[in-house]
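Since the structure comes first, as structure tokens, the remarks are kept for the end.
When reading the values below, keep in mind they use all heavy atoms of this one structure, side chains included, and skip hydrogens, waters and symmetry mates.
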Amino acid sequence: MKNQVKNRRTMQAVVFLAFLVMFVSPVFAVTITFEDVAPTGGIVIPVTPYSEGGFTLTNGYEHDSDGIFSSTVSVNSSGSDIFGWCGSCGSTPITLTLAADDGSLFSIESLDATNLAPGYYSTGMGITVTGNLLGGGTVTQDLIFVEDTFTTFYLSSDFADLTSLQIQALFRGADLAMDNIVLNNGASTVPEPSTMILLFSGLAAMAGLGRRKVLQ
């Protein structure tokens with residue numbers, strides 16, 4: 001009888017875990033660092049489309065307007081390789097687009113960014129980050145630079161379940177740089193409360209049925 005009760009409880013636990021797997025997608029952390037691409041003391045231009053960690057970054061402007069700068073290039077004071085691009089080339093603001101290679105949903109936690117050219121900083125310089133949401137709609141956040149130094153910007157928790165991410169200069173006339181884009185590859189969607197109530201009700205019913213059978 002004890003073995004029967006133990007087996008039923010084990011089955012209930014398996015069913016519960018199976019439901020969780022069905023409803024909650026696994027999430028994998030990815031950091032895009034742009035390392036080990038540019039030669040020492042050199043620049044790779046153009047570099048887009050650029051792929052790393054299961055994501056691809058593309059540039060909507062067909063020109064030599066982006067590249068990866070090694071840590072030893074004079075304009076790069078970050079100590080690591082960085083991605084730089086022209087924010088003012090062309091007649092319209094350049095749009096960088098980031099998306100998962102397999103089309104899966106993702107979220108962004110943070111990124112490092114600054115003005116690429118030292119000495120050209122001005123008040124209000126920065127980038128606009130726009131996330132395209134599952135089911136339509138967007139979420140936007142402006143990241144304002146702090147002089148000519150790399151700053152880690154943390155994105156709102158609303159940047160979740162994204163189909164793609166777009167990055168633009170806040171205004172033209174700026175050369176921009178970014179590094180260490182921290183992403184979570186996977187949907188953050190969890191079961192609706194009504195779904196969880198049904199799930200737990202079903203498990204409770206299974207447990208009650210098991211106890212009645214044991215008592216008979």
Side-chain angles (χ1 to χ4, degrees), residues 30-35 37-38 42-53 55-71 73-100 106-133 136-160 162-183:
V30 175
T31 301
I32 299 177
T33 63
F34 306 105
E35 294 295 327
V37 178
I43 307 167
V44 180
I45 297 178
V47 71
T48 51
Y50 173 76
S51 297
E52 182 181 342
F55 288 83
T56 295
L57 182 68
T58 57
N59 188 339
Y61 183 64
E62 295 181 2
H63 188 269
D64 295 352
S65 60
D66 61 56
I68 294 178
F69 294 65
S70 82
S71 59
V73 173
S74 60
V75 297
N76 181 7
S77 60
S78 71
S80 64
D81 293 2
I82 60 173
F83 179 89
W85 77 100
C86 174
S88 59
C89 298
S91 59
T92 59
I94 288 177
T95 300
L96 301 176
T97 301
L98 184 67
F106 66 96
S107 61
I108 178 171
E109 292 186 11
S110 64
L111 61 84
D112 299 344
T114 189
N115 174 44
L116 177 61
Y120 284 89
Y121 166 80
S122 62
T123 302
M125 184 177 290
I127 58 177
T128 295
V129 181
T130 302
N132 297 302
L133 301 170
T138 60
V139 56
T140 301
Q141 185 172 334
D142 291 340
L143 312 180
I144 307 300
F145 296 162
V146 179
E147 299 189 355
D148 284 329
T149 58
F150 265 95
T151 301
T152 299
F153 295 96
Y154 294 92
L155 281 296
S156 163
S157 59
D158 293 334
F159 283 83
L162 305 177
T163 58
S164 64
L165 188 75
Q166 294 179 325
I167 301 171
Q168 287 184 331
L170 271 173
F171 61 87
R172 297 183 62 195
D175 290 328
L176 310 168
M178 63 181 177
D179 197 7
N180 301 321
I181 306 173
V182 181
L183 308 162

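The closest side-chain donor-acceptor pair between Gln166 and Thr130, if any, does not fall under 3.5 angstrom. Remark: the Asn59 side chain and the Ser65 side chain contain an N/O donor-acceptor pair separated by less than 3.5 Å. A donor and an acceptor atom, one from each side chain of Asn180 and Thr31, are nowhere located under 3.5 Å apart. Looking at Ser164 and Asn132, their side chains do bring a donor and an acceptor atom within 3.5 Å of each other.
One distance of note links CG of Asp112 with OG1 of Thr33; it measures 11.0 Å at 0.5 Å rounding. The CG atom of Leu143 sits 14.0 Å away from atom CE of Met125, with the distance rounded to the nearest 0.5 Å. A distance of 12.0 Å separates OG1 of Thr152 from CD of Glu109, quoted to the nearest 0.5 Å. Summarising the geometry, atom OG belonging to Ser110 is positioned 9.5 Å from atom CD1 belonging to Ile181; distances are rounded to the nearest 0.5 Å. Going from atom CG of Leu162 over to atom CG of Leu98 covers 9.5 Å, rounded to the nearest 0.5 Å. Note that the CD1 atom of Ile45 and the CG atom of Asp64 stand 7.0 Å from one another [nearest 0.5 Å].
Counting heavy atoms from C-beta outward, Asp66 and Val47 have side chains that approach closer than 4.5 Å. Between Ile43 and Ile68 there is no side-chain heavy-atom pair separated by less than 4.5 Å. Side chains of Thr138 and Leu133 form no contact here, defined as non-hydrogen atoms less than 4.5 Å apart. Counting heavy atoms from C-beta outward, Leu96 and Leu165 have side chains that stay 4.5 Å or more apart. The shortest distance between side-chain heavy atoms of Tyr50 and Thr56 does not fall below 4.5 Å.
Here the closest non-hydrogen pair linking Thr58 and Pro49 is CG2-CB, 3.8 Å. The two residues Gln168 and Ile94 have their closest heavy-atom pair at CG-O, 3.4 Å. Of all heavy-atom pairs spanning Trp85 and Ile167, the tightest one is CZ2-CG2, 3.9 Å. What you find for Phe159 and Val129 is that their closest heavy atoms are CZ-O, 3.6 Å. Residues Leu176 and Ala169 approach most closely at CD1-CB, 3.5 Å, considering heavy atoms. Smallest separation of non-hydrogen atoms from Asp81 and Glu35: N-OE2, 2.9 Å.
Listed by chain and number, the residues in a side-chain contact (heavy atoms from CB on, under 4.5 Å) with Ala113 are Leu111, Ile127, Phe145, Phe153, Met178 (sequence neighbours excluded). With sequence neighbours excluded, the residues satisfying side-chain contact (heavy atoms from CB on, under 4.5 Å) with Ser78 are Asn76, Ser80, Ile82, Phe150.
Between Phe69 and Phe83, the distance from one ring center to the other does not fall under 6.0 angstrom.
Of the possible donor and acceptor atoms, none in the side chain of Thr114 sits under 3.5 Å from a partner among the backbone N and O of Ala177. Judged by distance alone, with hydrogens and angles left aside, the side-chain atoms of Gln141 form a donor-acceptor pair with the main-chain N or O of Tyr154 at under 3.5 Å.
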| field | Criterion side-chain hydrogen bond (donor to acceptor under 3.5 Å, both in side chains) on Asp142 and Thr128, from CA distance to verdict | value | CA-CA 4 Å; Asp142 291 340; Thr128 295; 2.8 Å; yes

